[in-house]
Amino acid sequence: LLAFKGSSKPAVSWDVFKIIALQMIRIVKDVHDIGWLHRDIKLGNFCVHFEPGQSAKDRVLDNNTRLYIIDFGLAVRQEESEANPDIFVGSKAFSSLEVSLPFSHVYTQWDDLESVAYVLLALLANRPLPWITEGQTIERRNDVLSKKIKALVRNIGVKVALERSS
């Protein structure tokens, strides 16, 4: 999906976005239903299936789009998930708030689903999430957490203010 992101126009139409969102949620639910936590949900770990031999110009996201999730290198069985505050697991940009906190947290299904929400936000916005600057790597999870909370609070606050004024 990374190939469809990064231009000034929307990466996908609203109708296709809804299809992708439902497929991502279903894929992660299927992973959970067989007892696994992915723990590295990010845009680059979702792939789009295209027909063999289809030229690049004919590759479009539409109602026939099928997604797949890849990279199970950080995945664990749900019953084996354990808390370790010294080890960060996953992608800082897309990790849940709980995982980003600097204390012990047992990774859960909710964390994977919250990561899906951030992936969908990035795809819909067609630009990096507000807490990550393009080309800049943020090493400390506290920095990401702080930026993530500020961006979410600022955007939620604006939305609530707009809803109350209408």
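- Arg39 places a side-chain N or O within 3.5 Å of a backbone atom of Leu74 that can act as its donor or acceptor partner.
- A single hydrophobic cluster is seen to contain both Leu121 and Leu123, as judged by linkage of ILVMFWY side chains at heavy-atom distances under 4.5 Å, directly or through other members.
- Atoms CZ and CG, from Phe72 and Asn45 in turn, are 8.5 Å apart once rounded to the nearest 0.5 Å.
- When side chains are defined from C-beta on, Glu114 counts as touching Leu97, because their heavy atoms get closer than 4.5 Å.
- In this structure, the side chains of Ile41 and Ile69 come closer than 4.5 Å at one or more pairs of heavy atoms.
- Counting heavy atoms from C-beta outward, Gln78 and Trp36 have side chains that stay 4.5 Å or more apart.
- Here ring pair (Phe, Tyr, Trp, His ring centres under 6.0 Å) pairs that include residues 13-35, with residues two or more places apart or in two chains, are Trp14-Phe17.
- The side-chain heavy atoms of Phe94 and Val119, taken from C-beta on, include a pair separated by under 4.5 Å.
- A pairwise comparison of heavy atoms in Ile70 and Gly44 identifies CD1-O, 4.0 Å as the closest pair.
- In this structure, Asp71 has no salt bridge (charged side-chain N to carboxylate O under 4.0 Å, His left out) partners at least two apart in sequence or on a different chain.
- In terms of the salt bridge (charged side-chain N to carboxylate O under 4.0 Å, His left out) criterion, Glu82 has no residue partners (sequence neighbours excluded).
- Interatomic distance, CD of Glu79 versus CG of Leu37, reported as 9.0 Å (0.5 Å rounding).
- If you check the side chains of Ser115 and Asp112, you find no donor sitting under 3.5 Å from an acceptor.
- From Ile27, atom CD1 reaches atom CG of Leu67 across 5.0 Å, with rounding to the nearest 0.5 Å.
- Listed by chain and number, the residues in a side-chain contact (heavy atoms from CB on, under 4.5 Å) with Ile25 are Val116 (sequence neighbours excluded).
- For the ring-ring contact (aromatic ring centres under 6.0 Å, His included) test, no residue two or more places apart in sequence or in another chain qualifies with Tyr68.
- Under the side chain to side chain contact (heavy atoms under 4.5 Å, CB included) test applied with Val99, the options Val89, Val106, Asp111 reduce to a single match, Asp111.
- Scanning for side-chain contact (heavy atoms from CB on, under 4.5 Å) contacts around Ala117 gives an empty result, with sequence neighbours left out.
- Across every non-hydrogen atom of Ser91 and Asp40, the tightest pair is N-OD1, 3.4 Å.
- Listed for the Ser95 side chain is no donor-acceptor partner under 3.5 Å among the backbone atoms of Gly90.
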